[in-house]
Amino acid sequence: MTASDAQTGMVVQAECEAVTAALLQAAAHLAQGQDAEGILRPFCEALVAASSHIRLAWMWLGAPDTAIIRPTYAVGPARGYAESLVLGADEATRSLSPGLRALATGLPVMATVRSDPTFAPWRTEALHYGLEVTASFPFGEAGDGKQGLVAVYADEADYFARLGWAPFVAFQHLAQVALTQAALRERLNTLATLDSLTGLLNRGAMQDALERLHDEARRRHGTYGVLLIDIDRFKLINDGYGHGVGDGVIRDMARVLRRSLRADDRAGRWGGEEFLCLLPGADYRAASDIAERLRAGVMHHPFAVSGGRTLRATVSLGMACFPADGDSVQALLNHADMGLYEAKRDGRNRVARASDRGRNLFATAQQLEGALTSGRVRPAYQPIVALADGRVMAKEALARIITAEGVLEAEHFIEAADRFQWLYRLDHDMICQVIEDCAAARQTQDPPLAYFVNVSTDLLHHAERVQDLLSRITRTTMPCCAGSDAEKPLVIEITERQFLGDFNAVRRTLAPFLAFGIRLALDDFGSGYSSFRYLTELPFAFVKLDKVLVNRVQTAQGRRILRGLQDLARDLGFRTIAEGVEDEACADALAALGVDWAQGHYFASPRFEDAPQGSGKDRDGAAS
Ligand code: C2E
Ligand code: CA
Ligand code: CA
């Protein structure tokens with residue numbers, strides 16, 4: 001070995017070490033590469049950084065059947081060469097290119113620029129950039145994922161021959177493993193974001209997409225629309241044709257939606273029979289047009305049943321637009337939901353944007369939510385007096401929101417609470433406070449008063465809250481109650497205007513309360529249609545006569561109805577309470593009919609417990 005050979009050997013050794021070290025360092029970051037591009041780029045950069053002989057590294061990523069390949073990323077002093085490079089554009093380069101051969105065989109391919117005949121089409125250009133040799137490394141993702149290619153160019157024809165393949169091939173294998181992992185991660189991700197029935201994005205993925213769209217629109221001062229779509233009377237389809245057909249309709253519906261949307265719009269499954277569409281860039285006009293097209297598209301689409309038969313289905317759509325309908329994702333979804341509710345209410349198979357009234361309801365619901373969270377919902381109490389002697393027998397707790405401007409009465413927020421499903425929280429919160437007040441007051445009350453609380457059926461369907469209430473009641477109030485064990489001071493008012501649904505279920509929910517001695521009152525009796533059914537289905541102790549009926553006591557017909565109800569109630573063993581008594585004449589007429597108790601502005605208006613309470617007029621005051 002000559003001295004110069006030894007020197008050359010050392011140079012090669014040093015070069016090899018530098019390249020290996022650079023590749024190892026790039027390999028350390030492989031696992032963090034998010035996608036294929038993120039994995040292969042550092043490979044190119046490491047090679048160019050490792051040696052001044054490596055003048056260019058470029059990469060390409062694409063579908064396996066891509067006919068024409070152009071580098072998607074290039075680094076190195078000779079990257080100008082990659083800028084105009086095209087592989088596979090014509091027959092000659094398709095069969096000759098070393099890169100394409102590497103892709104076809106799955107093996108690394110080396111080619112010298114001057115002597116390799118397959119390099120002929122690019123020779124002049126490559127030499128112009130000082131490139132003497134190239135090595136191409138193919139990559140492939142798992143399954144039918146992308147294919148990739150990394151091509152490296154050096155300025156000495158024997159560069160790769162002298163260094164040997166080993167470091168490159170080792171790195172290629174590492175990168176391949178990372179690519180496979182990335183592709184599998186991506187696939188899992190896709191599976192986690194897709195709804196299995198329709199193949200549309202699922203709710204979580206749609207929520208993410210909506211948030212991204214929202215951020216983007218805010219940044220760019222843009223617009224977008226959201227459509228909330230619900231299949232009308234889907235339960236009838238499911239019950240009538242079976243779940244298989246129901247699923248088929250949902251699947252088909254997804255297809256109709258996809259077909260009717262623009263390229264950039266997105267559709268997702270939002271719930272059972274509910275879909276959400278995102279319309280980037282759409283203003284109110286555009287969103288209405290698309291919504292209308294969707295509605296008509298569904299209406300004219302024959303949905304397949306078995307045996308070649310078809311059925312017709314319709315959808316209702318709620319629409320909201322950014323920024324007109326709110327500046328948060330939640331506000332837009334709520335507006336779309338409100339619109340959908342109104343579309344259903346107004347007869348289905350239509351598109352609606354929340355009305356002003358709907359918007360107000362939404363604003364009120366938000367106000368209530370804030371008040372509940374910050375403890376600004378408080379019970380005001382209205383005394384209930386015995387008509388016979390004017391003594392206060394009980395109090396009804398009525399919810400109030402305390403605001404900076406004053407006190408908001410329940411009638412202003414109950415509908416909003418109901419519509420946005422806050423009622424059960426409101427009731428729970430109220431009952432907890434009433435239990436505390438009742439416990440505190442019982443030390444001094446003689447005789448002890450009954451506390452009436454209003455309960456929505458919504459609460460009765462939240463078993464865990466009912467359970468929680470019951471344990472609070474047994475812990476807090478009731479141990480200190482005087483009098484008979486059978487009757488506890490709490491009375492639950494259920495209004496007949498609320499649809500109770502399954503009486504058996506409600507009876508089951510209420511059973512522990514009743515067993516404990518809590519009594520039931522039927523509220524607003526005479527204001528609805530199902531009054532008598534309620535009386536027979538649940539064991540009420542009190543019947544509260546609705547104020548509209550009560551105020552007709554001065555008319556002959558009203559008096560006749562009230563007398564009938566009073567007699568019936570007495571026969572059935574209910575105690576009657578007249579609501580909304582506003583004057584003396586009314587109180588007298590009710591007393592003459594034998595109504596037991598009464599409440600109303602005539603006796604006292606609802607007040608907070610810590611403020612001085614109206615004690616109720618005595619009998620003389622009420623009757624004279
Ligand atoms: P309700 O249970 O029938 O309550 C009686 C309503 O009549 C109360 O209105 C009360 O302030 C009002 N009122 C009292 N005396 C008179 C009177 O002499 N004349 C007239 N015209 N009205 C009188 P408020 O407090 O606005 O409550 C409205 C409704 O909201 C209640 O009707 C009840 O159904 C519901 N509500 C109130 N608090 C709650 C609650 O905590 N939970 C639930 N679920 N509903 C509640
Ligand atoms: Ca009530
Ligand atoms: Ca009532």
How would you list all residue pairs meeting side chain to side chain donor-acceptor pair (under 3.5 Å) that involve residues 539-553, not counting sequence neighbours? Glu396-Lys544, Glu493-Lys544, Lys544-Gln599, Arg552-Gln557

Please, which pairs that meet side chain to side chain donor-acceptor pair (under 3.5 Å) have at least one residue in residues 405-418, sequence neighbours excluded?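 For residues 405-418, and leaving out neighbouring residues, the side chain to side chain donor-acceptor pair (under 3.5 Å) pairs sorted by first residue read Arg357-Glu415.
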
Please confirm whether the backbone N or O of [Y] pairs with a side-chain atom of [X], one donor and one acceptor, at under 3.5 Å?
X	Y	result
Arg559	Val553	yes
Asp524	Ser527	no
Thr457	Leu460	no
Gln433	Val377	yes
Lys395	Leu449	no
Thr576	Asp596	yes
Thr474	Leu470	yes

Indicate yes or no: does Arg285 engage Asp283 in a salt bridge with an N to O separation below 4.0 Å. no

Looking at Asp458 and Arg425, is any side-chain nitrogen of the basic one under 4.0 Å from a carboxylate oxygen of the acidic one? no

Value rounded to 0.5 Å, distance of [atom1] in [X] from [atom2] in [Y]:
X	Y	atom1	atom2	answer
Arg269	Ile250	CZ	CD1	4.5 Å
Asn334	Leu228	CG	CG	10.5 Å
Arg378	Ile402	CZ	CD1	4.5 Å
Leu562	Arg560	CG	CZ	12.0 Å
His428	Leu469	NE2	CG	4.0 Å
Asn238	Asp247	CG	CG	7.0 Å

Taking side chain as C-beta onward, heavy atoms only, is Val550 less than 4.5 Å from Cys586? yes

Going by heavy atoms in the side chains, are Val543 and Leu565 under 4.5 Å from each other?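 Side-chain contact under 4.5 Å: no.
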
Surrounding [atom1] of [X] (heavy atoms of other residues, nucleotides or ligands, distance under 6.0 Å), is the total greater than 12?
X	atom1	result
Gln467	CD	no
Arg218	CZ	no
Arg350	CZ	yes

Sorted by chain and residue number, the salt bridge (charged side-chain N to carboxylate O under 4.0 Å, His left out) partners of Asp325 (sequence neighbours excluded) come out as Arg353, Arg359

Can you give me the closest heavy-atom contact between [X] and [Y], atom names plus distance?
X	Y	result
Ser456	Asp427	N-OD2, 2.5 Å
Ala343	Leu317	CB-O, 3.8 Å
Ala399	Phe413	O-CZ, 3.6 Å
Pro379	Phe608	O-CD2, 3.4 Å
Asn454	Ala397	ND2-O, 3.2 Å
Ile229	Cys277	CD1-SG, 3.7 Å

Could you walk me through whether Thr403 and Gln367 satisfy the side-chain contact (heavy atoms from CB on, under 4.5 Å) test, starting with their C-alpha distance in whole Å, then the side-chain angles of each, then the deciding distance to 0.1 Å, before giving a yes or no? CA-CA 9 Å; Thr403 72; Gln367 192 179 19; 3.6 Å; yes

Please name all residues satisfying side-chain hydrogen bond (donor to acceptor under 3.5 Å, both in side chains) with [X], sequence neighbours left out, ordered by chain then number.
X	result
Asn504	Arg507
Arg219	Glu216
Asp239	Lys235
Gln445	Tyr451

List the atom pairs, donor and acceptor, that lie under 3.5 Å between side-chain atoms in residues 202-213 and the rest of the protein, sequence neighbours left out.
unit_1, atom_1, unit_2, atom_2, d
Asn202, OD1, Gly204, N, 3.3
Asn202, OD1, Ala205, N, 2.9
Asn202, ND2, Ala192, O, 2.8
Arg203, NH1, Trp270, O, 3.0
Gln207, NE2, Glu211, OE2, 3.0

Sequence-distant partners of Ser374, side-chain contact (heavy atoms from CB on, under 4.5 Å), two or more places apart: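 Counting only residues at least two positions away or on another chain, Ser374 forms a side-chain contact (heavy atoms from CB on, under 4.5 Å) with Arg376.
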
Starting from the C-alpha separation in whole Å, work towards a yes-or-no answer on side-chain contact (heavy atoms from CB on, under 4.5 Å) for Tyr284 and Met319. CA-CA 9 Å; Tyr284 173 60; Met319 182 173 74; 3.1 Å; yes

Going through the distances and angles, do Lys344 and Asp232 end up as a side-chain contact (heavy atoms from CB on, under 4.5 Å)? CA-CA 8 Å; Lys344 293 260 179 205; Asp232 294 329; 2.9 Å; yes

Contacts of type ring-ring contact (aromatic ring centres under 6.0 Å, His included), residue [X], not counting sequence neighbours:
X	result
Phe420	Phe362
His462	Tyr424
Phe322	His214, Tyr224

Could you tell me if Asp230 and Ser316 have a donor-acceptor pair between their side chains, going purely by distance under 3.5 Å?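 Judged by distance alone, the side chains do not pair up.
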
With side-chain contact (heavy atoms from CB on, under 4.5 Å) as the criterion, how do Phe525 and Leu535 come out once you've worked through the C-alpha distance, each side chain's angles and the decisive distance to 0.1 Å? CA-CA 10 Å; Phe525 188 67; Leu535 283 181; 3.6 Å; yes

